[in-house]
Amino acid sequence: MMSIPTTGPIIRVEGLVKVYDTGEVPLRALDGVTMQVTRGEFVAIMGHSGSGKSSLMNVLGALDRPTEGHYWLDGEDVGEMDLDELADLRNRRIGFIFQSFNLLPRLNAMQNVMLPMIYRVENRADAEMRESESIAALESVGLGKRMYHRPNQLSGGQQQRVAIARALINKPSLLLADEPTGNLDSKSSEDIMGILQRLNRQGVAIVMVTHEPDIAAHAERIIHMKDGRIISDVQNANQQHAESITNVQLEATV
Amino acid sequence: MTFIETIGLAWGSLILNKLRSFLTTLGVIIGVAAVILMLAISAGAEAAIADQINALGSNLIVISGSRGIPGKLPTLVYDDALAIADNVKGISGMAAEQSAVDQVIQWGNANFTIPILGETPGFPTVRDVPVGTGRFFTQADLDRKNKVIVLGYKVAQDLFGDTSPLDQEIELGNTRVTVIGVMAPKGSVAETDYDNRVYIPLTVLYQRFLSNMNVQNRLRSIYVKAQSPETMDSAIGQTKSLLAQRHDVLVSSPDFTIQTQQDIIQTQQATTETFRTLLAWVAAVSLLVGGIGIMNIMLVSVTERTREIGVRVSIGARPIDVRRQFLLEAVILSLFGGMIGVITGVSGAWLFNETGAMRTVIVSWSVVLAFAAAALIGIVFGYFPANKAASLDPIEALRHE
Ligand SMILES: Nc1ncnc2c1ncn2[C@@H]1O[C@H](COP(=O)(O)OP(=O)(O)OP(=O)(O)O)[C@@H](O)[C@H]1O
Ligand SMILES: [Mg+2]
C-alpha cells in the first residue's frame, strides 16, 4: 500500500495546459491552470460553455493527461504513473460522476455499484462482501428498495444516486462531479446536493462543475473559469445547505 | 478482476446476442466439423485398405510376369516357381497360379459360367484363404493330374443348395471333375470375388483348359509367403536375382514385377494422403473464414460497446482487464463453435458409418485438434479487436453514443 499523506492538499495542479489539435488552429482548452484543493474541501467550478471545465475534470480524474503542467494527487505526481497505476487511481482514490450518469444499461443497480470492486486489484473483496457493501451503499443513497432495477427502470435522480453509490464504493477521498445535476429537475438536484454535502461532512473532498449558481452555492468555494484559465477563486460566504434529508426520506422520493 | 469473473462477463454478453453469436461461429462450426468428418473418413478408408491388405494374405510377395504386351507370352513359367520354392530362404510357402477362359460349370440342372484357376497346394496358406469343408488338392493330385475341383463358397451354394457337394461329380466345360472341397467364405478383396470362382490343379488346367501349347507351363503369378515381416526384404532380393538369372535379364531391367502388400498399401496411402491434404485445405479455409467472422463480430461488438468500455475504464478497469474481457469473449465464441462443430462432425461421421454410406473411424485426437484449432482461432482473431478495445481513449469512449 502506498502511504497517503494526511496533510497537504489532496489536489495540486501547476500550469496545466491542454491543447487539442483540431482544425488549423490548435485549441488551448486549458491555458495554464494552477490551483489546490484541500482535503475534505467542497469546490464548485463554474464558467461558460467551452471554458475548459470538463477538460480540467478529465485531467483531475486521471482520464486524460495534460499537454503541459503537473498534477499531484495526495502529493504523488500523476504524470509519472503508468496506465495500470492510473487505473488503480480511478478505481480506489477518485470517484467520478457524470452528467449522463454512465451506468451500464444491462446491469441492475447493485451490479453497477459493484463494478469498481470487481476491478480492484488490492484488498479484493469476496462476492459476499461485495454484495453486502453494495447494498449498504445503495441504502445510503436511499435506493435500498431498488437494488434490482435496471437503469432504464429508474428516474434520472435515482440513476445519479446509483452513480454516486458506485463512485463511493471503494471509499475514495476525492469525488469529481461534472455537472451532476445537469440532467435533473430542481427537486432531484436538491436531493443529490444533500447527499454530496453529507459525504463532504464525512470527509470526502468534492470538486463539482456546474452551470447553475444555486447548485454552486452549496459549495464552500467557487472557482470561475474562462478560456481555459481561472479568473476567480473565492470562498463562498453564504453556503447553502441542502435540506439534510434522511435515507428514509430519500426512499420516499420516487 | 478474476479469470472466472471475466468468463462470466464474456458469457453474459454472448448470451445476449444468441443468434448473432451462433451465426458468427458458423464458419468455425463448419471448419471443425469438416476436420473431424474428414479425418474420420480418411481413417475409415485406411482401415478398409488395411483390412483388404490383410485379406490378400500376410507377408505376401506377388511376382507377376510382364503382361499386356500383345503377342508376347507371360514370362513366368512353372519351373520358376519350383526354383523359388527350392532356393529362396526365409519363405514358408509358395503358390503358382494360372487362369483360363471362364467355363460353364454344371451339376444336374444347375449350370453357369465361372472363372477358373489352376493352383498348387500352397494356395490356401499362402493366400490366407482357408478351406471350409473337405480339403484342398495335394502335390499327389497335381502329379497324377487328378480331375478334382475345389469350389468357392458361393459356387457351392448356387450349384448344390442344401446338398453336400463333397464327392459329387460335376461337369466343368467338357471335363468331368470330382468335388473334394469348398472354401470358407471370404468375400471380395480388391475387386476379386473369392467366393465366386473355382480351383483345379495347375497341371489339369494345362492339360484340359489351355490347349494352346505356347502357354503350357506359363504362369500369371507366383505367390510367396515370407516367414515373417523381417525376412520379406531378403526373400524379395533372392527372388529377384534368381529370376533375373533364370530369365537372363538384368536385375535393373527385369521382365517381371515383384510387389508386396507394402507396395499396395503405399499406393493406397498416397491416395489417402492426397485426399487428406485436400480436406485439410477445406478445413483450413473454413476455419480462416470462421476466424475472420469472429474478428468482424468482435470489432462490431467493440464499437457497439465503446461507451461501456469507457465506463469500465473510468471506474478503474486496467487495459489488461478490457483486453482479457474481449479476448475471452472471442475464445468462448470460437470454442462454442468448436463444440458444436465437434458434435456435428462426430455425429455426421457416425451416421455415415451406421447407414453404410461410408466407412468412418472417429479419430480421438481430431477432437482435441479441433478444439485446439478453435481456441487458437479465438485468440488469434480476437486479439486485434481486444487490443483495440483496451487501447480506447476513455474520454472519447465515454462521449461515444
Ligand atoms: N476531444 C476534443 N477535441 C477537440 N476539442 C475539444 C475536445 N474536447 C474539448 N474540446 C474543446 O475544448 C474546449 C473546452 O471544452 P470543455 O469540454 O472542457 O468545456 P466545458 O467548460 O466543459 O464546456 P461545457 O460547459 O459545455 O461542458 C471547447 O472549445 C471544446 O470544443
Ligand atoms: Mg463540460
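Each chain gets a letter, A, B and so on, in the order its sequence line appears, and its residues count up from 1.
- Your options are A/Ile169, A/Leu86, A/Leu104, and the one with the most heavy-atom pairs under 4.5 Å with chain B is A/Leu104.
- Contact of A/Leu63 with chain B is made through backbone and side chain together, with heavy-atom distances under 4.5 Å.
- Among the candidates A/Ala167, A/Ser100, A/Ala87, the residue making the largest number of heavy-atom pairs closer than 4.5 Å to chain B is A/Ala87.
- A/Thr210 places none of its side-chain heavy atoms less than 4.5 Å from the side chain of A/Asp178.
- With contacts defined as side-chain heavy-atom distances shorter than 4.5 Å, the pair B/Ile294/B/Val28 qualifies.
- With respect to chain B, the highest number of heavy-atom pairs below 4.5 Å among A/Arg106, A/Met117, A/Arg166 belongs to A/Arg106.
- Applying the side chain to side chain donor-acceptor pair (under 3.5 Å) test to residues at least two apart or on different chains, the pairs with a partner in residues 58-71 of chain A are A/Lys18-A/Asp64.
- Within the structure, the side chain to side chain donor-acceptor pair (under 3.5 Å) test picks out the following pairs touching residues 20-37 of chain B (sequence neighbours left out): B/Arg20-B/Glu304.
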